[in-house]
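Presented below is the structure to which this report refers.
One-based numbering along the sequence shown.
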Amino acid sequence: MNGHRLVLALSLLSLAGCEQAMHDMYDQPKYKPLAPSPLFADGNSARTPPPGSVPMAQGAAADTASGRRGRTLVPAPPGPALPLDDQGRSLARGDVGERRYANPLPLTLALLERGRERFDIYCAPCHGASGNGDGMIVRRGFPAPPSYHTDRLRNAPDSHFYQVISDGYGVMYPYADRIGPHDRWAIVAYIRALQLSQHAPRDRLSPQDLARLSATPVKGGETQR
């Protein structure tokens with residue numbers, strides 16, 4: 001009986017200790033805003049950012065809430081262009097019906113491999129592995145992007161895709177802060193490869209490719225001719 005009482009007493013003491021530990025977490029020592037502190041030479045607990053620091057919060061609301069409005073210039077996002085043309089215009093600008101620019105990077109296997117890697121990471125979740133707009137996120141209810149294989153996008157200039165990757169389009173998030181300019185052009189090159197994979201002219205195919213194409217089953221159990 002005495003043993004049970006001892007266990008009960010120890011349990012109550014343990015609970016009291018836990019409660020005290022919780023209160024210590026709630027009421028831990030901390031400085032209130034603008035409170036003085038003897039730890040620093042200027043006597044202030046609030047520390048100024050190191051020289052060269054860049055505020056991450058942006059927009060009018062963030063400026064107002066932080067007290068930076070009118071006092072801090074937020075740097076513009078890095079310029080999206082790789083080379084400029086001979087008039088100094090960005091090769092990254094242009095859309096259907098506007099200035100049309102081709103990919104300024106030389107088309108190599110290494111560029112396509114890099115573009116495929118970046119595409120699979122950033123683009124395929126929505127656009128799908130083949131560019132049909134049926135990625136895994138779309139299958140779960142996200143709005144479907146247009147297929148890359150429509151006439152409109154097959155006829156769009158390379159700069160259109162670069163600009164959309166950089167600035168976003170519709171519900172698509174801009175990726176300028178996540179994908180560097182070189183990788184954006186690599187993705188554009190891979191998008192062109194995807195388009196060519198489904199719209200290659202027959203006269204550009206080798207006899208081996210034509211034989212494989214003819215033997216590929218299509219809907220209905222027939223083979224392509």
Leu112 vs Arg192, side-chain contact (heavy atoms from CB on, under 4.5 Å): CA-CA, chis, key distance, verdict: CA-CA 10 Å; Leu112 290 176; Arg192 291 307 196 197; over 6 Å; no
Over all atoms of both residues, closest heavy-atom pair of Pro106 and Leu111: O-CD2, 3.5 Å
4.5 Å side-chain heavy-atom contact, Ile187 and Tyr175: no
Least distance between heavy atoms, Ile179 atom then Arg184 atom: O-NE, 2.7 Å
Side chain to side chain donor-acceptor pair (under 3.5 Å) partners of Asn103, counting only residues at least two apart: none
Gap separating the OG1 atom of Thr108 from the CD atom of Glu113, nearest 0.5 angstrom: 8.5 Å
Heavy-atom pair of closest approach, residues Trp185 and Ser159: CH2-CA, 4.2 Å
Joint hydrophobic cluster, Ile191 plus Tyr173, side-chain heavy atoms closer than 4.5 Å: yes
Pairing of Arg178 and Asp183 as salt bridge, 4.0 angstrom limit: no
Val171 reachable from Val138 in the ILVMFWY side-chain graph, under 4.5 Å edges: no
Val188 vs His160 side-chain heavy atoms within contact, under 4.5 Å: no
For Ser45, all residues meeting side chain to side chain donor-acceptor pair (under 3.5 Å), sequence neighbours excluded: none
Hydrophobic cluster identity match, Val164 and Ile137, side-chain contacts under 4.5 Å: no
Asp177: partners by side chain to side chain donor-acceptor pair (under 3.5 Å), with sequence neighbours left out: none
Sequence-distant partners of Lys32, side chain to side chain contact (heavy atoms under 4.5 Å, CB included), two or more places apart: Lys30, Ala35
Stepwise side-chain contact (heavy atoms from CB on, under 4.5 Å) check, Leu153 with His149: CA-CA 7 Å; Leu153 291 183; His149 306 291; over 6 Å; no
Contact summary for Pro38 and Tyr31, nearest pair of heavy atoms: CD-OH, 4.2 Å
Contact check, side chains of Asp151 and His199, non-hydrogen atoms, under 4.5 Å: no
Side-chain (Asn44) to main-chain (Ala46) donor-acceptor, under 3.5 angstrom: no
Apart from Leu34 itself, residues in the same hydrophobic cluster as defined by side-chain heavy atoms under 4.5 Å: none
Could you pull out all donor-acceptor pairs under 3.5 Å where a side-chain atom in residues 116-132 meets a protein atom, sequence neighbours excluded?
unit_1: Glu117; atom_1: OE1; unit_2: Arg114; atom_2: NH1; d: 3.0
unit_1: His127; atom_1: ND1; unit_2: Tyr148; atom_2: OH; d: 3.3
unit_1: Ser130; atom_1: OG; unit_2: Asn132; atom_2: ND2; d: 2.8

Co-membership, hydrophobic cluster, residues Leu194 and Tyr169, 4.5 Å side-chain: yes
Closest heavy-atom pair and its distance - Gly133, Ala144: O-CB, 3.8 Å
